[in-house]
Amino acid sequence: MLNKLKKELEKIADANHAKMSQKFFKTRKGEYGGGDTFLGIRVPTQRQIAKSFYKLDLNSIQELLNSKIHEHRSISLVILLNQYKKADEQQKQNIFEFYIKNAKKINNWDLVDSSAPHILGDYLLNKNRDILYQLTKSNNLWEKRIAIISTYTFIKNNEFADTLKISEMLLSDSHDLIHKAVGWMLREIGKRNQKIEEEFLKKYYKQMPRTMLRYAIEKFPEDLRKKYLIGGV
């Protein structure tokens with residue numbers, strides 16, 4: 001089944017779209033996606049193909065996650081998520097543990113954002129969340145992004161404490177992709193409870209990286225947004 005999947009992907013590969021994707025996802029040496037290669041297959045097509053290979057076993061999913069080809073890893077996560085949605089509690093635990101074990105291989109922002117809230121966030125909704133704090137303390141960019149983005153599920157359930165704690169831990173992080181992720185999650189809190197977001201911002205906005213702040217206040221009224229940007233709150 002795995003070989004059939006790979007052959008199907010090779011048949012619909014698009015070299016022109018692959019070149020555009022390699023630029024968009026910063027794949028040059030030294031960039032965050034350095035070494036990543038693309039077949040040039042659009043996301044809706046990947047999702048459609050993943051449905052046909054829903055029953056792929058974990059060993060095969062592991063092989064796809066080990067691949068340098070971005071679409072292999074992307075489709076493996078779509079399949080994993082599809083399996084998680086229909087799994088019983090034990091199967092969900094197995095998928096959760098598999099995801100944690102492979103966190104460093106979920107190594108681009110699109111892979112993290114499309115999977116972490118729906119697997120880690122969902123699984124941890126009613127469980128101990130210490131693993132997210134371990135990931136936050138990691139030296140690996142993707143593990144840290146997984147930690148903060150996973151809390152999106154908590155936010156949707158009006159639980160903000162973990163997002164705020166992890167955001168505080170990541171305030172001094174140097175990577176732009178973490179600044180954007182933290183700002184995004186703070187903005188999502190603000191959509192549901194602006195008072196809570198502002199309590200956090202008033203304490204930390206002057207020390208926040210500029211990108212983080214801009215993302216966090218993007219939906220604020222223009223006059224309030226300007227006050228934060230000039231330090232006048």
Side-chain angles (χ1 to χ4, degrees), residues 25-26 32-33 77 81 96 99-100 102-104 106-233:
F25 285 102
K26 311 291 185 185
Y32 65 75
L77 292 168
L81 177 54
F96 165 79
Y99 192 99
I100 293 295
N102 286 283
K104 288 185 173 70
I106 303 167
N107 56 354
N108 219 311
W109 58 264
D110 63 314
L111 305 180
V112 172
D113 298 0
S114 63
S115 63
H118 309 295
I119 296 178
L120 261 61
D122 182 85
Y123 184 77
L124 296 173
L125 195 53
N126 299 306
K127 296 179 180 66
N128 182 286
R129 300 168 184 176
D130 287 351
I131 184 63
L132 295 184
Y133 293 89
Q134 294 175 34
L135 293 172
T136 302
K137 294 175 184 177
S138 170
N139 292 323
N140 181 271
L141 164 64
W142 307 114
E143 290 189 333
K144 288 185 284 188
R145 187 166 175 114
I146 285 169
I148 184 64
I149 296 296
S150 291
T151 71
Y152 195 7
T153 302
F154 310 157
I155 295 170
K156 288 178 178 179
N157 285 270
N158 293 312
E159 296 182 20
F160 307 136
D162 291 292
T163 305
L164 295 172
K165 288 176 186 176
I166 291 172
S167 294
E168 183 178 0
M169 291 170 68
L170 293 173
L171 282 174
S172 60
D173 193 89
S174 62
H175 205 288
D176 184 64
L177 287 178
I178 298 300
H179 302 168
K180 291 176 179 178
V182 172
W184 173 21
M185 292 302 102
L186 291 173
R187 184 175 75 227
E188 291 302 323
I189 290 176
K191 286 179 183 179
R192 292 157 179 83
N193 192 318
Q194 188 170 318
K195 181 181 177 182
I196 288 178
E197 184 190 2
E198 286 210 69
E199 285 175 357
F200 182 88
L201 289 177
K202 286 174 182 176
K203 188 174 181 181
Y204 295 114
Y205 83 99
K206 289 186 178 179
Q207 70 188 75
M208 273 184 181
R210 202 67 169 172
T211 298
M212 187 184 295
L213 177 60
R214 286 186 180 277
Y215 269 62
I217 63 176
E218 186 178 15
K219 299 298 182 181
F220 282 12
E222 184 63 18
D223 58 341
L224 181 58
R225 198 176 67 82
K226 286 181 178 178
K227 285 182 181 179
Y228 274 102
L229 290 174
I230 64 173
V233 176

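Residues: numbered from 1 along the sequence shown.
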(request) Would you mind reporting whether M208 and V182 have side-chain heavy atoms less than 4.5 Å apart? (result)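 They are not in contact (no side-chain heavy atoms under 4.5 Å apart), so the answer is no.
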Got a second to check how far [X]'s [atom1] is from [Y]'s [atom2], nearest 0.5 Å?
X    : Y    : atom1 : atom2 : answer
K203 : L171 : NZ    : CG    : 10.0 Å
L132 : I149 : CG    : CD1   : 11.5 Å
M212 : L186 : CE    : CG    : 7.5 Å
T136 : I166 : OG1   : CD1   : 4.0 Å

Those residues that, when tested against [X], pass side-chain hydrogen bond (donor to acceptor under 3.5 Å, both in side chains) (two or more places apart):
X    : value
K165 : none
Y32  : W109
S167 : none

For [X], give me all partners under salt bridge (Lys or Arg N to Asp or Glu O under 4.0 Å), at least two apart in sequence or on another chain.
X    : answer
E188 : K191, R192
E159 : R129
D113 : R145
K137 : none

(request) Would you check if the side chain of N157 reaches a backbone N or O of T153 as a donor-acceptor pair within less than 3.5 Å? (result)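 Such a contact is found between N157 side chain and T153 backbone.
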Table please: side-chain donor-acceptor pairs of residues 194-202 below 3.5 Å, with sequence neighbours left out.
unit_1, atom_1, unit_2, atom_2, d
Q194, NE2, E198, OE2, 3.1
E198, OE1, Y228, OH, 2.6

(message) What verdict does the side-chain contact (heavy atoms from CB on, under 4.5 Å) test give for L135 and N140, after you've listed the backbone C-alpha separation in whole Å, the side-chain angles of each residue and the deciding distance to 0.1 Å?
(response) CA-CA 8 Å; L135 293 172; N140 181 271; over 6 Å; no
(message) Under the ring pair (Phe, Tyr, Trp, His ring centres under 6.0 Å) definition, can you give me all pairs with a residue in residues 149-168, not counting sequence neighbours?
(response)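 Every ring pair (Phe, Tyr, Trp, His ring centres under 6.0 Å) pair that includes a residue of residues 149-168, provided the two are not neighbours, is Y152-W184.
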(request) Check S115 against Y99 and note the closest heavy-atom contact, atom names and distance. (result)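 Looks like OG-OH, 2.7 Å.
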(request) Applying side chain to side chain contact (heavy atoms under 4.5 Å, CB included), name anything that partners T211, two or more places apart in sequence or on another chain. (result)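 T211: side chain to side chain contact (heavy atoms under 4.5 Å, CB included) contacts with D176, H179, K180, Y215.
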Pairs of donor and acceptor atoms involving the side chains of residues 217-226, under 3.5 Å and at least two apart or interchain, shall be tabulated with distances.
unit_1, atom_1, unit_2, atom_2, d
E218, OE1, R187, NH1, 2.7
E222, OE1, R225, NE, 3.3
E222, OE1, R225, NH2, 3.3
E222, OE2, R225, NH2, 3.0

Donor-acceptor contacts under 3.5 Å from residues 118-125 side chains, at least two apart:
unit_1, atom_1, unit_2, atom_2, d
D122, OD2, Y84, OH, 2.6

